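Just so we're clear, the structure is a prediction, and the values are computed from it rather than from any experiment.
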Amino acid sequence: MINLTVNGKTKSVDADADTPLLWVLRENLQLTGTKFGCGVALCGACTVHLDGKPVRSCSTPLSAAAGKKITTIEGVGATRTGKAVQAAWSQVDVPQCGYCQSGQIMSACALLAEKKAPSDADIDAAMSGNICRCGTYNQIRAAIHDASATLVKGA
């Protein structure tokens, strides 16, 4: 059994230490908001936070997550930054198919946690590992700026 802290709750899972975190989240813990995209950490659909840093859960072994705080799309809305990003995503109407959006939101939250007022270049750099097949990159950037304005205004 491996103990994990996921979205603020301690969970015990019976899985091999080298099992990708993505599958533990989806299959063992039934947290299906984190998506499988490419399986080789290139598309960003599986992004979660480990101790506040974005990681690709499809290539992160369970052993690397033990003892760290894991935040998934199901839990990110409990933070001020997560609430601001999710509200901006809805306000700007970012999703089209929606498949990549949980990973996009997780990367955006990590960026705004580090830099409250990012430039377009900061956004592009932070989001470059997240692929959107629908091409909503302009809406994503606008939503991040909107969330940033909310966070800066409320600081």
Side-chain angles (χ1 to χ4, degrees), residues 4-8 18-26 29 31-155:
L4 302 173
T5 303
V6 182
N7 300 327
D18 62 348
T19 302
L21 179 59
L22 172 66
W23 300 120
V24 171
L25 294 171
R26 290 184 60 81
L29 301 178
L31 295 171
T32 58
T34 303
K35 303 299 183 198
F36 173 82
C38 65
V40 291
L42 295 175
C43 73
C46 67
T47 303
V48 299
H49 295 173
L50 279 187
D51 288 341
K53 303 293 182 203
V55 299
R56 304 302 191 243
S57 63
C58 72
S59 63
T60 301
L62 179 59
S63 60
K68 296 184 178 168
K69 293 178 183 174
I70 303 163
T71 306
T72 69
I73 191 67
E74 290 89 353
V76 78
T79 68
R80 183 170 176 263
T81 300
K83 285 178 190 168
V85 169
Q86 288 178 332
W89 239 249
S90 180
Q91 178 86 21
V92 175
D93 199 21
V94 173
Q96 285 187 23
C97 83
Y99 198 81
C100 70
Q101 295 306 308
S102 61
Q104 300 277 3
I105 288 170
M106 296 305 290
S107 291
C109 288
L111 167 64
L112 291 172
E114 293 281 323
K115 187 172 261 191
K116 294 283 188 250
S119 66
D120 283 349
D122 294 329
I123 294 169
D124 293 347
M127 302 303 290
S128 67
N130 291 79
I131 297 171
C132 175
R133 291 181 184 178
C134 300
T136 64
Y137 300 110
N138 290 332
Q139 294 97 318
I140 289 168
R141 185 187 293 151
I144 292 170
H145 281 303
D146 282 4
S148 170
T150 299
L151 293 168
V152 169
K153 181 173 65 174

Exercise. At what distance, to the nearest 0.5 angstrom, does CG of N7 lie from CD1 of I70?
Worked result: 8.5 Å
Problem set entry | Considering all heavy atoms, the nearest G135-Q139 contact | O-OE1, 4.3 Å
For this session: With sequence neighbours excluded, tell me which residues meet salt bridge (charged side-chain N to carboxylate O under 4.0 Å, His left out) with K69.
Result: none
For this session: Calculate, to the nearest 0.5 Å, the distance between atoms CD and OG1 belonging to E74 and T32 respectively.
Result: 6.0 Å
Exercise. Under 3.5 Å, is there a donor-acceptor pair between the side chain of S148 and the main chain of I144?
Worked result: no
Exercise. Taking the side chain as C-beta and beyond, is there a heavy-atom pair between L21 and T34 under 4.5 Å?
Worked result: no
Problem set entry | CG-OG1 distance between L25 and T72, expressed to the nearest 0.5 angstrom | 6.5 Å
For this session: Check A147 against L112 and note the closest heavy-atom contact, atom names and distance.
Result: CB-CD1, 3.7 Å
Exercise. Who passes salt bridge (charged side-chain N to carboxylate O under 4.0 Å, His left out) against R26, sequence neighbours left out?
Worked result: none
Exercise. Quick one: are D18 and L62 in side-chain contact, heavy atoms under 4.5 Å?
Worked result: no
Problem set entry | N/O donor-acceptor pair under 3.5 Å between S102 side chain and G33 backbone | yes
For this session: Test T60 against every option in V48, V24, V55 by the side-chain contact (heavy atoms from CB on, under 4.5 Å) rule and name the one that passes.
Result: V55
Problem set entry | Close side-chain approach of H49 to K68, heavy-atom, < 4.5 Å | no
Exercise. With a cut-off of 6.0 Å (strictly less than), are more than 12 heavy atoms of other residues, nucleotides or ligands near NZ of K116?
Worked result: yes
Seminar exercise, completed: Smallest heavy-atom separation, D120 atom then H145 atom, equals OD1-NE2, 2.5 Å
For this session: Apply the test side-chain contact (heavy atoms from CB on, under 4.5 Å) to residues V76 and I73: give CA-CA distance (whole Å), side-chain angles for both, the deciding distance (0.1 Å), then the verdict.
Result: CA-CA 5 Å; V76 78; I73 191 67; 4.0 Å; yes
For this session: Taking all heavy atoms of V40 and all of C58, pick out the closest pair and write down the distance.
Result: N-SG, 3.8 Å
For this session: Taking salt bridge (charged side-chain N to carboxylate O under 4.0 Å, His left out) as the test, write out the residues that go with D124, two or more places apart.
Result: R141
Seminar exercise, completed: For N130 and S107 the tightest heavy-atom approach is OD1-OG, 2.9 Å
Exercise. Between R56 and L42, does a side-chain contact (heavy atoms from CB on, under 4.5 Å) hold up when you go through it step by step?
Worked result: CA-CA 8 Å; R56 304 302 191 243; L42 295 175; over 6 Å; no
Exercise. For S128, what residues pass the side-chain contact (heavy atoms from CB on, under 4.5 Å) criterion, not counting sequence neighbours?
Worked result: none
For this session: Kindly say whether L151 contributes a backbone atom to a donor-acceptor pair with the side chain of R80 at under 3.5 angstrom?
Result: yes
Seminar exercise, completed: When every non-hydrogen atom of A113 is compared with those of T81, the smallest separation belongs to N-CG2, 4.3 Å
Problem set entry | K83: salt bridge (charged side-chain N to carboxylate O under 4.0 Å, His left out) partners, not counting sequence neighbours | none
Seminar exercise, completed: CD1 (I131) and CD (Q104) are apart, to the nearest 0.5 Å, by 9.5 Å
Listing, residues 87-100 side-chain donor-acceptor contacts under 3.5 Å, not counting sequence neighbours, or none:
unit_1, atom_1, unit_2, atom_2, d
W89, NE1, Q101, OE1, 2.5
Y99, OH, F36, O, 2.6

Problem set entry | P54 side chain near M106 side chain, heavy-atom distance below 4.5 Å | no
